[in-house]
Amino acid sequence: MQHPTQCWLDQHFLNSLRRWSPESIPLTEPPVSWTLDRMDEAGIARGMLSAWHGPAGPLISNDYVGTVVRAHPDRFVMVASVDLHRPMDATRELRRCVEEYGAAGLRILPWLWDLPPDDRRYYPLYAACCDLDITFCTQIGHTGPLAPSEPGRPIPYLDHVALEFPDLRIVAGHIGVPWTNEAISLATKYPNLYIDTSAYKTTRYPTEIVDYLRGHGRHKVLFGSNHPAWPAPDCLRGLDKLTLDEATRAAFLGENAIRAFNLPH
């Protein structure tokens with residue numbers, strides 16, 4: 001999830017999301033209480049709050065996210081973002097976010113940079129994530145925003161990363177449509193690779209991911225909303241229709257995220 005800043009809200013790539021979810025994304029920056037209210041409505045105890053950094057600079061800065069997390073440490077966990085074009089500066093910034101704000105992850109969106117996750121510029125950051133014992137978050141599948149989808153193909157790009165960094169915990173967001181089966185094959189193949197369901201309502205989960213969640217993937221799939229584009233209340237509506245058993249439901253809604261991000265219980 002992300003709490004939107006005005007800079008983020010002004011990005012043209014959100015136009016497609018506004019067509020699909022016109023009432024969810026505000027035009028002007030809301031107070032943090034607005035995001036907390038959406039979480040309370042859905043019964044969300046904690047959210048992974050992401051910074052955004054693109055080629056033109058920060059859209060939601062690390063310090064902004066860090067300040068929000070410090071103000072609400074019981075509700076948010078920080079996920080940092082960095083300048084992919086300057087990998088060594090990025091590793092230093094990532095370390096600062098971990099030390100100052102307790103960041104539990106790094107999130108880089110391949111479509112935002114038009115660089116797949118096996119590009120050489122990511123590799124110092126993967127090593128840093130392993131050294132810092134934090135999780136790498138990325139996006140897989142087609143790109144909802146107005147940007148290329150090719151960097152989101154799980155195979156071969158994310159396959160290369162998981163193979164070459166077996167200790168790296170990876171959370172691959174947005175299910176992976178239209179390559180969901182590729183994503184499932186990677187989550188099955190690699191112990192440290194997880195899938196999250198952000199940007200999808202439960203009523204729109206592909207059959208493949210539901211079957212995987214009910215079966216041998218019950219410990220590999222995390223609930224996500226992608227707030228504010230798809231608020232958590234909307235994403236959870238219809239959860240009962242998935243007919244998850246009690247243990248699987250608990251894993252999906254919390255336990256898998258705790259393990260994937262190495263969070264305290």
Side-chain angles (χ1 to χ4, degrees), residues 1-2 35-36 38-50 69 72-80 98 102-107 129-130 132-140 158 162 166-176 180 183-227 230-265:
M1 62 184 298
Q2 43 273 313
T35 289
L36 290 168
R38 303 289 82 73
M39 293 169 65
D40 290 342
E41 182 184 348
I44 301 295
R46 284 190 294 174
M48 307 302 298
L49 194 65
S50 179
V69 170
H72 305 277
D74 57 331
R75 303 305 305 274
F76 297 116
V77 179
M78 180 179 181
V79 178
V98 172
L106 167 68
R107 186 172 184 233
C129 285
C130 292
L132 294 166
D133 194 24
I134 64 172
T135 302
F136 176 70
C137 305
T138 189
Q139 179 266 345
I140 55 173
L158 202 57
D167 295 335
L168 178 66
R169 295 191 302 275
I170 300 170
V171 173
H174 298 10
I175 294 179
T180 302
I184 290 171
S185 72
L186 295 187
T188 302
K189 179 179 180 180
Y190 298 109
N192 285 328
L193 195 149
Y194 300 81
I195 299 170
D196 84 42
T197 63
S198 56
Y200 281 81
K201 299 177 182 179
T202 56
T203 53
R204 293 186 58 242
Y205 290 174
T207 301
E208 302 96 313
I209 203 71
V210 176
D211 290 343
Y212 183 59
L213 175 58
R214 288 175 180 157
H216 68 280
R218 66 184 59 213
H219 299 301
K220 301 302 292 287
V221 184
L222 288 60
F223 169 77
S225 70
N226 204 29
H227 170 89
W230 280 268
D234 293 346
C235 291
L236 283 169
R237 197 169 295 119
L239 178 65
D240 290 344
K241 293 182 180 179
L242 298 183
T243 62
L244 305 179
D245 62 49
E246 185 176 344
T248 301
R249 184 177 176 125
F252 175 54
L253 295 180
E255 293 169 4
N256 292 346
I258 289 170
R259 185 170 61 257
F261 287 96
N262 195 29
L263 301 176
H265 286 70

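On a predicted model such as this, the values are computed, not experimentally measured, just so you know.
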### Query
How far apart are the closest heavy atoms of Ser225 and Met1, and which atoms are they?
OG-CB, 4.4 Å

### Summary
Closest non-hydrogen contact found for Ile140 with Leu158 is CG2-CD2, 4.0 Å

Would you mind reporting whether [Y] and [X] have side-chain heavy atoms less than 4.5 Å apart?
X	Y	answer
Ile258	Arg46	yes
Thr138	Arg107	no
Leu244	Arg214	yes
Thr202	Lys241	no
Leu253	Leu239	yes
Leu222	Phe261	yes

### Message
As a quick check of understanding, evaluate side chain to side chain contact (heavy atoms under 4.5 Å, CB included) for Ile44 and Phe223, giving each step before the final call.
### Response
CA-CA 11 Å; Ile44 301 295; Phe223 169 77; 4.1 Å; yes

Just by distance, do the side chain of [X] and the backbone of [Y] share a donor-acceptor pair under 3.5 Å?
X	Y	answer
Arg169	Ala260	yes
Asn256	Val221	yes
Gln2	His227	yes
Arg249	Asp245	no
Asn192	Pro166	yes
Thr197	Gly224	yes

### Message
Pairing donors with acceptors under 3.5 angstrom, does anything connect the side chains of Arg75 and Thr35?
### Response
no

### Summary
By salt bridge (charged side-chain N to carboxylate O under 4.0 Å, His left out), Arg237 pairs with (sequence neighbours left out) Asp234

### Message
Within the supplied structure, the quantity of interest is the number of heavy atoms (other residues, nucleotides, ligands) at a distance under 6.0 Å from His219 NE2; does it exceed 12?
### Response
no

